[in-house]
Protein chains: 2
Amino acid sequence: MKKNLEIFSNSPTCPIRNVFDRFGDKWSVLVLMVLGTHGGLMRFGELKEVIDDITQKMLTVTLRTLEADGLVARKYYQEIPPRVEYQLTDLGKDLVPHIENLANWASKHVDQILRSRKRFEKKVASKD
Amino acid sequence: MKKNLEIFSNSPTCPIRNVFDRFGDKWSVLVLMVLGTHGGLMRFGELKEVIDDITQKMLTVTLRTLEADGLVARKYYQEIPPRVEYQLTDLGKDLVPHIENLANWASKHVDQILRSRKRFEKKVASKD
DNA sequence: GTATTTAGTTACTTTTGTATACTAAAGGTA
DNA sequence: TACCTTTAGTATACAAAAGTAACTAAATAC
């Protein structure tokens, strides 16, 4: 095997497996982008309102993972009804511009990708 | 809701949902990186050898999705035993450096993230 | 005493991923 | 002749992850 491809095999040092697997789920990137764009503290319900198709459970799970990774900080106020505020950590703030970079690429090419997807579906359908 | 956050709500034009959701699976990014690093045509079995922990089914599914999105081109030779070659399209080649950018960030910070995660696990465990 | 509020949790269903065996069809070998 | 190998998949059965809807706590307002 080509030497430069070895890093992609299943090893503990594979950067893709170590990182994309962390924030490569359905919601993490979206939550990071929303927190980054908003720019400060956001309450749970506020995040839920912005990302309107996420369920409470998935938002909780996603925030917990991001907190565990040190990308998001959680502040819990002992009040009734409960109040919890989230914001990016320094590490999170450092990451967001790199994600935005990819998101900008996405914005620029999303139409082309959607067209390609439709063309492919027709191609597959015509073979049935 | 803040005007600049509206793009993150569930709309058909949300670039994150339309494009990131594709990378949100377990293998797409890895396949793109391998094809990009290799730099040319790769046969199915070659990809399977490099990404040694992917199953045949998932490699097939992943390649079909990338093909549908127009990121990867598939060339089938009518031979026995079969021969199929894959390579990045121009769109795919355009995307890969942006992914590499994120992968580099990942490499740089993966240790910090893993430490944070361990700390968090201990914190959670101490509350049981 | 009853409805409202917020940030979850629980039990359940659906989707995604894994493991393993199986296929086609030509060429080489015993 | 019967068999083994080759490649790029499929098929099947199962496990894990993600998603859904309903439920909870406990103080406050009416």
Side-chain angles (χ1 to χ4, degrees), chain A residues 1 9-10 14 16-17 20-31 34-35 41-69 72-87 120 123-124 127-128, chain B residues 1 9-10 16-17 20-31 34-35 41-69 72-87 117 120 123-124 127-128:
Chain A
M1 188 192 302
S9 65
N10 183 19
C14 174
I16 312 285
R17 284 187 176 68
F20 276 90
D21 283 2
R22 306 239 166 248
F23 47 74
D25 63 74
K26 190 168 178 180
W27 302 108
S28 294
V29 161
L30 207 51
V31 169
V34 169
L35 283 170
L41 293 164
M42 285 185 85
R43 295 185 62 172
F44 183 90
E46 234 179 318
L47 282 163
K48 175 85 185 66
E49 192 196 359
V50 173
I51 308 169
D52 55 352
D53 56 338
I54 197 172
T55 58
Q56 286 184 320
K57 179 192 161 184
M58 289 317 294
L59 183 52
T60 300
V61 168
T62 302
L63 286 165
R64 259 343 140 267
T65 307
L66 293 173
E67 190 194 355
D69 285 4
V72 160
R74 177 178 188 269
K75 186 163 185 190
Y76 173 75
Y77 297 84
Q78 202 125 6
E79 296 174 4
I80 298 290
R83 179 153 67 104
V84 182
E85 286 174 347
Y86 293 93
Q87 65 181 322
F120 188 81
K123 216 178 90 180
V124 170
K127 284 178 184 164
D128 295 339
Chain B
M1 188 191 305
S9 66
N10 183 19
I16 312 279
R17 284 189 176 66
F20 267 93
D21 279 7
R22 272 323 215 224
F23 312 146
D25 67 42
K26 195 168 174 178
W27 302 109
S28 294
V29 162
L30 206 51
V31 169
V34 169
L35 284 170
L41 293 164
M42 285 185 85
R43 297 185 61 173
F44 183 90
E46 236 179 317
L47 282 163
K48 175 85 185 66
E49 192 196 358
V50 173
I51 308 169
D52 54 354
D53 55 338
I54 198 173
T55 57
Q56 283 187 323
K57 177 188 162 186
M58 289 318 295
L59 183 53
T60 300
V61 168
T62 303
L63 285 166
R64 264 336 144 270
T65 308
L66 293 173
E67 191 194 355
D69 285 5
V72 160
R74 176 177 188 270
K75 185 163 187 193
Y76 174 77
Y77 297 83
Q78 202 125 7
E79 297 175 4
I80 299 289
R83 180 152 68 106
V84 181
E85 286 174 346
Y86 294 92
Q87 65 182 320
R117 192 162 265 215
F120 187 81
K123 215 178 92 181
V124 170
K127 284 177 185 164
D128 295 339

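From a predicted model like this one, the values you see are computed outputs, not experimental measurements. Note on naming: letters A, B, ... go to the chains in the order of the sequence lines (proteins, then strands), and numbering restarts at 1 for each one.
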Open item on the list: I'd like the 5' and 3' limits of the part of DNA chain C contacted by chain B, with heavy-atom contacts below 4.0 Å.
Closed with: dG17(C) to dA26(C)
Open item on the list: Let me spell it out: for each of Asp53(A) and Val84(B), pick the nucleotide of DNA chain D with the closest heavy atom. Which residue's pick is nearer the 5' end?
Closed with: Val84(B)
Open item on the list: Distance check needed: dA16(D) P versus Lys26(B) NZ, whole Å only.
Closed with: 12 Å
TODO: Write down the atom of Gln56(A), the atom of Phe44(A), and the distance for their closest heavy-atom approach.
DONE: O-CZ, 3.8 Å
Task: Contact summary for Asp69(A) and Arg117(B), nearest pair of heavy atoms - done: OD1-NE, 2.7 Å
TODO: Grab the CD1-C1' distance between Ile54(B) and dG9(D) for me, whole Å please.
DONE: 13 Å
Task: Interatomic distance, Glu49(B) CD vs dT6(D) C1' [rounded to whole Å] - done: 15 Å
- [ ] May I ask you to decide if Tyr86(B)'s main-chain N or O and Lys75(B)'s side chain share a donor-acceptor pair within less than 3.5 Å?
- [x] no
Open item on the list: If you assign Pro81(B) and Gln56(A) each to the DNA chain D nucleotide with the nearest heavy atom, which residue ends up on the more 5' nucleotide?
Closed with: Pro81(B)
Task: Rounded distance (Å) that lies between atom C1' of dA8(D) and atom CZ of Arg43(B) - done: 9 Å
Task: Residue mapping more 5' on DNA chain C - nearest nucleotide basis, Ile80(A) or Arg64(A) - done: Ile80(A)
- [ ] Indicate the atoms forming the closest heavy-atom contact of Lys48(A) with Thr55(A), along with that distance.
- [x] CE-C, 4.2 Å
Open item on the list: Distance check needed: dG9(D) P versus Leu59(B) CG, whole Å only.
Closed with: 8 Å
Task: Distance test, side-chain N/O of Arg74(B) to OP1/OP2 of dG9(D), below 4.0 Å - done: yes
- [ ] Compare the minimum distances between each of dT10(D), dA18(D), dT20(D) and the side chain of Thr55(A), then state the nucleotide with the smallest one.
- [x] dT20(D)
Open item on the list: Is any side-chain heavy atom of Arg74(A) closer than 4.5 Å to one of Leu63(A)?
Closed with: no
- [ ] Pick base, sugar-phosphate or nothing for Lys57(A), based on heavy-atom distances below 4.0 Å to the nucleic acid.
- [x] base
Open item on the list: Quick check: do Arg17(B) and Leu30(A) have side-chain heavy atoms less than 4.5 Å from each other?
Closed with: yes
Task: Distance, rounded to the nearest Å, where Gln78(B) contributes CD and dT7(D) contributes P - done: 18 Å
Open item on the list: With a 4.0 Å cutoff (strictly under), does any side-chain N or O of Trp27(A) reach OP1 or OP2 of dA18(D)?
Closed with: no
Task: Length of the CZ-C1' vector between Arg83(B) and dG9(D), whole Å - done: 16 Å
TODO: Let me know the distance between CD of Glu46(B) and C1' of dT7(D), rounded to the nearest Å.
DONE: 13 Å
- [ ] Name the nucleic acid region contacted by Tyr77(A), choosing base, sugar-phosphate or nothing; use a 4.0 angstrom heavy-atom cut-off, strictly under.
- [x] nothing
Open item on the list: Can a side-chain donor-acceptor contact be found between Tyr77(B) and Glu85(B) if the only test is distance below 3.5 angstrom?
Closed with: yes
